[in-house]
Amino acid sequence: MAKKILIADDQRELVEAMKIRFEKEGYTVIETYNGKECLEKAKTELPDLIIMDVAMPEMDGYEAVREIKGDEKPEGDRGSEKGNGKRKK
């Protein structure tokens with residue numbers, strides 16, 4: 001099964017250029033055009049790699065990454081959200 005790459009960028013021409021290149025190399029490419037859409041696709045498609053712009057409409061890349069990383073934490077482990085970077089015990 002081909003590895004999945006999720007690309008998130010509001011510049012459609014750039015997304016299309018990357019898609020063509022990665023598909024030639026045998027990857028499956030998932031296209032998104034804003035941070036919110038990227039977050040939704042990351043949860044449903046479970047890509048192997050995400051390439052994301054930071055300045056996008058609806059939700060910027062920084063916020064999308066925080067949300068994605070938050071989903072990876074065990075339930076109840078939200079220590080780093082307080083800004084101290086320490087895990088709760």
Side-chain angles (χ1 to χ4, degrees):
M1 180 160 71
K3 298 283 186 177
K4 291 184 193 176
I5 299 176
L6 172 57
I7 301 173
D9 198 306
D10 57 332
Q11 295 182 11
R12 291 181 181 271
E13 299 84 11
L14 180 60
V15 172
E16 186 61 30
M18 286 191 282
K19 178 182 178 181
I20 291 168
R21 176 68 180 158
F22 288 126
E23 285 180 342
K24 282 183 182 178
E25 296 297 324
Y27 295 97
T28 298
V29 177
I30 304 148
E31 305 166 68
T32 61
Y33 302 99
N34 62 61
K36 185 177 178 184
E37 186 180 9
C38 177
L39 179 60
E40 292 167 2
K41 290 289 186 179
K43 289 178 180 179
T44 60
E45 297 288 336
L46 303 174
D48 298 289
L49 174 69
I50 299 174
I51 300 172
M52 185 181 335
D53 187 13
V54 294
M56 294 183 290
E58 293 191 45
M59 177 187 290
D60 67 31
Y62 294 117
E63 186 177 350
V65 167
R66 281 192 296 273
E67 291 285 330
I68 291 167
K69 289 178 85 173
D71 288 345
E72 294 176 355
K73 294 178 186 176
E75 191 170 328
D77 184 9
R78 301 287 182 202
S80 63
E81 289 183 7
K82 303 246 186 238
N84 61 12
K86 296 180 183 175
R87 292 182 157 222
K88 291 181 180 179
K89 294 185 181 190

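Here the structure is a predicted model, which is why all the values come from computation and not from measurement. Index from 1, following the sequence.
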Taken to the nearest 0.5 Å, the spacing of Arg66 CZ from Leu39 CG works out to 12.0 Å

With a 3.5 Å cut-off and sequence neighbours excluded, list the donor-acceptor pairs that the side chains of residues 18-32 form with protein atoms.
unit_1	atom_1	unit_2	atom_2	d
Lys19	NZ	Glu31	OE2	2.8
Glu31	OE1	Tyr33	OH	2.7
Thr32	OG1	Ile7	O	3.1

Heavy-atom closest pair (Gly61 atom, Met52 atom, distance to 0.1 Å) is CA-SD, 3.5 Å

So the side chain to side chain donor-acceptor pair (under 3.5 Å) pairs with at least one residue in residues 1-17 (sequence neighbours excluded) are Lys4-Glu45

By side chain to side chain donor-acceptor pair (under 3.5 Å), Glu58 pairs with (sequence neighbours left out) Asn34

Applying the 4.5 Å side-chain criterion to the ILVMFWY set and letting contacts propagate, would Ile51 and Val65 be lumped into a single cluster?
-> no

Taking every heavy atom of Ile50 against every heavy atom of Cys38, the minimum-distance pair comes out as CG2-SG, 4.1 Å

Path from Val54 to Leu6 over hydrophobic side-chain contacts below 4.5 Å:
no

